[in-house]
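Structure, as structure tokens:
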Number of protein chains: 2
Amino acid sequence: MYDHTDKERLLLAVDCIIFGFDGEKLKILLIKRGFEPERGKWSLVGGFLHKSEVLHDAATRILNRYTGLDDIYMEQVGTFSDIDRDPEERTVSTAYYALINIKNHSQKLNRQFSAQWFSVEEAPPLIFDHDKMVRHALKRLRTKAETEPIGFELLPEKFTMRQLQNLYEAIWNVSLDKRNFISKVRSLDILEKLDEKDKTSSRKGSFLYRFDAEKYKTVERNRSSLNL
Amino acid sequence: MYDHTDKERLLLAVDCIIFGFDGEKLKILLIKRGFEPERGKWSLVGGFLHKSEVLHDAATRILNRYTGLDDIYMEQVGTFSDIDRDPEERTVSTAYYALINIKNHSQKLNRQFSAQWFSVEEAPPLIFDHDKMVRHALKRLRTKAETEPIGFELLPEKFTMRQLQNLYEAIWNVSLDKRNFISKVRSLDILEKLDEKDKTSSRKGSFLYRFDAEKYKTVERNRSSLNL
DNA sequence: CAAGATAAGTGTAAAGTATACACCAAAACA
DNA sequence: TGTTTTGGTGTATACTTTACACTTATCTTG
């Protein structure tokens, strides 16, 4: 029997850990709060769940508001319910992490919200339980990246092998061997090699690749792990 | 800026997917509701989050209520927010899965709540979005079991290799080779072999083992995967 | 225009891990 | 005593992961 004594109506917030990649480091987007409580401190972007809105849609709305982007890759991390996590009123918050291509996102909105990218290790302390949310999100991202090709969400459509390797090195905070990395990626058979070269990082130029979602679908059932 | 328009105070429920193992199949504990809404239908056990209670404690309270057990292994699965998931009032629910030793749990309580164990494949349709919760929980259990020694939570303290193998076969719905399974488990070096034998399943009797949490801690950092 | 600098691109051998596979041992029971 | 049942064990092969170093292309600079 559901126990109806002492049950409480409360606010449900949604907070988003927005990950980006600048070619070197894994970053998160934080805002300097221009509003109470905790004005002037750094926090994740967030908002409240509306009536007639599911959590997934609320997260989408919040992400759009702060980045200007649609169709963002997103995954629910968990729900955080410490009693005094919000000093104003009992509020429980569901965290989502999102992966975006850092280049696609609006400078204008960054100014508007005093938003700024921080590398994951060098981020300032955050309000409430947001640090805990980031830790959980990072853990989930790392696990997910082991079995699903989600890294591409963080890269431009066309990218070099070096960029891809840098990305996974940043996600897992490891260093990988270039030859092993490339041969492993090749064996997955989920990339299309383009004729174009990227000339920005070397005189010789390096070939660009594109993630091929169709190829991925066809090899998916054989695949056990990305294991890069 | 947090957007305060249209935000809503709502009920937060907790629903628990209680897994057990009877030696053959992976089971879940369901109750036949003796109360509205959906009286007479099968559902997960659940309840509402109280004031001054965090989700983890609510799940613990609910699990204790329905099983009589303390110290239950538990993990948050996710939060489900479909608008009309509960027809009475806007209610969002956080699901937890729990692993218990099916033997330890009270027949009396089962009668009291019309609770019954069902094998995961043969469970009846559940109310609300509980089927979805079960699917998610099962997925999480399967993933978690690949890297963490959580299977032992489902077994008695002392168990045979055969029981352990049956368990993992049930969790992943696969069949495993006995010799490979045993040598893999041995190589993990996290079990203590006892001198006792279990005589119930054969004339010869088979040795009992016990999970050794201390050993596990010491080998933990070298371990990449259970990969049974 | 030659030499140097920089990043791209490539293959192989060894170690480790996973898989496939079959027979003997012990004990109860007929 | 032999038949039945379940427990217990090892090895060879395939596959995967890891470690490791030199050449190529192109631009820059002297």
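Here is how names work: the chains are called A, B, and so on, in the same order as the sequence lines, proteins then strands, and each is numbered from 1. The structure presented is a predicted model; accordingly, all values stated were derived computationally and were not measured.
- Here the C1' atom of nucleotide C:dA8 and the CZ atom of A:R186 are 12 Å apart, to the nearest Å.
- Protein atom CD1 of B:I182 is 11 Å distant from nucleotide atom P of D:dG10, rounded to whole Å.
- Taking CG of B:L29 as the reference point, atom CD1 of B:I17 lies at 11.5 Å (rounded to 0.5 Å).
- When distances run from any side-chain atom of B:F207 to the nucleotides C:dA8, D:dG8, D:dC20, the shortest one goes to D:dG8.
- When the nearest nucleotides of DNA chain D are assigned to A:R203 and A:N180 by heavy-atom distance, the more 5′-ward of the two goes with A:N180.
- Rounding to whole angstrom units, NZ of residue A:K199 and C1' of D:dC27 are separated by 10 Å.
- The phosphate of C:dA8 has OP1 or OP2 within less than 4.0 Å of a side-chain N or O from A:R162.
- Taking the centre and axis of the six-membered ring of B:Y209, the NZ or CZ atom of B:K193 falls outside the cone set by 45° and 6.0 Å.
- In this structure, CD of B:Q163 is placed 12 Å from P of D:dG8, rounded to the nearest angstrom.
- Under the ring-ring contact (aromatic ring centres under 6.0 Å, His included) criterion, B:F21 pairs with no residue at all, not counting sequence neighbours.
- Within the structure, every side-chain polar atom (N or O) of A:T160 is placed at least 4.0 Å from both OP1 and OP2 of C:dA8.
- Not one side-chain nitrogen or oxygen of B:K184 sits closer than 4.0 Å to the OP1 or OP2 atom of C:dT17.
- Here the rule is ring pair (Phe, Tyr, Trp, His ring centres under 6.0 Å) with A:F159, and of A:F152, A:F207, A:F211 only A:F152 fits it.
- Residue-to-nucleotide proximity on DNA chain C shows that, of A:K193 and A:S201, the 5′-proximal contact is made by A:S201.
- At whole-Å resolution of the value, CG in A:N166 and C1' in C:dA7 are 12 Å apart.
- For the pair B:L208 CG and D:dG7 P, the interatomic distance rounds to 11 Å; values are reported in whole Å.
- Residue side chain B:K204 does not reach the base of D:dT6 through any donor-acceptor N/O pair under 3.5 Å, judged by distance alone.
- As a whole-Å value, the separation of A:L164 CG from C:dG9 C1' is 16 Å.
- Judged by atom type and distance alone, B:K178 reaches the base of D:dG8 through a side-chain donor-acceptor pair under 3.5 Å.
- Distance, B:M161 CE to D:dT9 C1': 12 Å, rounded to whole Å.
- Using a cut-off of 4.0 Å between Lys/Arg side-chain N and Asp/Glu carboxylate O, A:D198 and A:R162 are scored as not salt-bridged.
- For C:dA8, neither phosphate oxygen OP1 nor OP2 lies less than 4.0 angstrom from any side-chain nitrogen or oxygen of A:R179.
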